[in-house]
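Since the structure comes first, as structure tokens, the remarks are kept for the end.
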Amino acid sequence: MAYELVTGQFLFDPKAHPDSADEDAMDRRHLYEISALIGAPPTAWLQRGNGAHVRRFFDPRTWKFLGARPLHRTGKINLAEDLVPYTARYAGDRCREEAKALADFVLRCVQWDPAKRASPTELLEHPWLRRGGR
């Protein structure tokens with residue numbers, strides 16, 4: 001939501017993609033978009049997941065994604081660089097610092113394993129939020 005508030009765009013928007021013709025395709029696209037940012041889900045996390053739901057998208061023998069394209073093994077998106085245009089109101093290095101801080105805030109929220117996500121209390125103490133865009 002922080003990304004959307006700053007940019008006016010969704011961080012993940014599988015509905016907007018032409019290959020999202022039905023719910024199943026949209027769910028696959030959503031997984032693909034998440035992996036582009038943070039990489040593919042860890043095998044251990046998939047193994048702990050809800051059996052039927054995980055098997056809908058991953059082969060339980062190999063844990064390979066069952067989509068048309070493989071998931072990104074590591075994130076390919078540099079979120080901080082993508083956010084620089086939205087922090088342009090700051091001069092010089094401050095622009096990149098703000099983009100980097102916001103990217104860090106967002107990435108602490110976007111984790112495959114919920115146990116690894118920042119808690120609301122931790123996020124309230126995050127430098128990007130504490131600074132309040134000053």
Side-chain angles (χ1 to χ4, degrees):
M1 185 180 281
Y3 181 89
E4 186 177 346
L5 288 170
V6 171
T7 67
Q9 302 171 26
F10 295 118
L11 181 57
F12 308 115
D13 193 9
K15 289 181 184 178
H17 201 274
D19 70 0
S20 296
D22 57 40
E23 186 176 334
D24 196 57
M26 190 168 37
D27 288 344
R28 289 179 200 288
R29 179 68 195 181
H30 196 188
L31 289 168
Y32 185 79
E33 290 180 8
I34 294 169
S35 77
L37 183 62
I38 62 171
T43 301
W45 181 77
L46 291 171
Q47 291 169 335
R48 288 191 317 265
N50 176 324
H53 194 66
V54 170
R55 283 191 305 273
R56 189 172 143 215
F57 301 107
F58 297 90
D59 180 326
R61 290 169 293 154
T62 63
W63 300 108
K64 288 189 177 179
F65 183 55
L66 299 174
R69 292 183 290 179
L71 293 179
H72 299 279
R73 296 178 96 186
T74 60
K76 71 169 191 157
I77 295 172
N78 184 332
L79 191 58
E81 283 300 313
D82 287 354
L83 288 167
V84 166
Y86 301 100
T87 59
R89 66 184 177 150
Y90 300 104
D93 289 340
R94 177 75 194 279
C95 174
R96 290 200 178 285
E97 289 170 19
E98 259 324 283
K100 208 173 183 181
L102 174 54
D104 182 69
F105 180 88
V106 170
L107 290 171
R108 288 175 186 253
C109 300
V110 183
Q111 295 292 320
W112 291 108
D113 187 344
K116 293 185 178 179
R117 293 179 198 147
S119 72
T121 303
E122 291 169 329
L123 291 172
L124 285 172
E125 295 300 320
H126 191 276
W128 178 77
L129 200 57
R130 300 285 297 169
R131 229 180 1 255
R134 293 188 287 264

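- Residue pairs that meet the side chain to side chain donor-acceptor pair (under 3.5 Å) test with at least one member in residues 33-47, sequence neighbours left out, are R29-E33.
- Scored by the salt bridge (Lys or Arg N to Asp or Glu O under 4.0 Å) test, E81 finds R96 as partners (sequence neighbours excluded).
- Shortest non-hydrogen contact noted between C95 and T87 is O-OG1, 2.9 Å.
- Counting all heavy atoms, side chain and backbone alike, R56 lies closest to R28 at O-NH2, 3.3 Å.
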Notebook entry, point to check: Hey, mind stepping through V6 and W128 against side-chain contact (heavy atoms from CB on, under 4.5 Å) and telling me if it holds?
Noted result: CA-CA 12 Å; V6 171; W128 178 77; 4.0 Å; yes
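- Among all heavy-atom pairs drawn from P41 and L46, the shortest one is CG-CD2, 4.0 Å.
- Atoms NZ and CG, on K76 and L37 in that order, are 11.0 Å from each other to the nearest 0.5 Å.
- Remark: R108 engages D104 in a salt bridge (Lys or Arg N to Asp or Glu O under 4.0 Å) (not counting sequence neighbours).
- The distance from atom CG of L79 to atom NZ of K100, rounded to the nearest 0.5 Å, is 13.0 Å.
- In this structure the side chain of H72 never reaches within 4.5 angstrom of the side chain of I77, judged on heavy atoms.
- Here the shortest heavy-atom pairing between L129 and L123 reads CD2-O, 3.5 Å.
- A103 and L83 get closest at one heavy-atom pair: N-CD1, 3.7 Å.
- Hydrophobic clustering places V110 together with Y32 (ILVMFWY residues linked when any side-chain heavy atoms are closer than 4.5 Å, directly or through intermediates).
- The aromatic rings of H126 and F105 sit perpendicular, their planes meeting at an angle over 60°, well past the 30° parallel limit.
- Residues Y86 and L102 are not in side-chain contact: their nearest non-hydrogen atoms beyond the backbone lie 4.5 Å or more apart.
- The closest side-chain heavy-atom distance from F57 to D24 is below 4.5 Å.
- By the 6.0 Å contact criterion, CZ on R73 is open, its count of non-hydrogen atoms from other residues, nucleotides or ligands being 12 or less.
- Heavy atoms only, all atoms of each residue included: A99 and A80 are closest at CB-O, 3.3 Å.
- Using a 4.5 Å cut-off on side-chain heavy atoms (C-beta onward), D27 and P14 make no contact.
- At a threshold of 4.5 Å between non-hydrogen side-chain atoms, the residues T7 and D82 do not count as touching.
- Considering CE of M1 and CD of E4, their distance stands at 7.0 Å, rounded to 0.5 Å.
- In this structure, L124 is a member of the same hydrophobic cluster as L107, with clusters built from ILVMFWY side-chain heavy atoms closer than 4.5 Å.
- Between the side chain of W112 and the backbone N or O of G39, at least one donor-acceptor pair lies under 3.5 Å.
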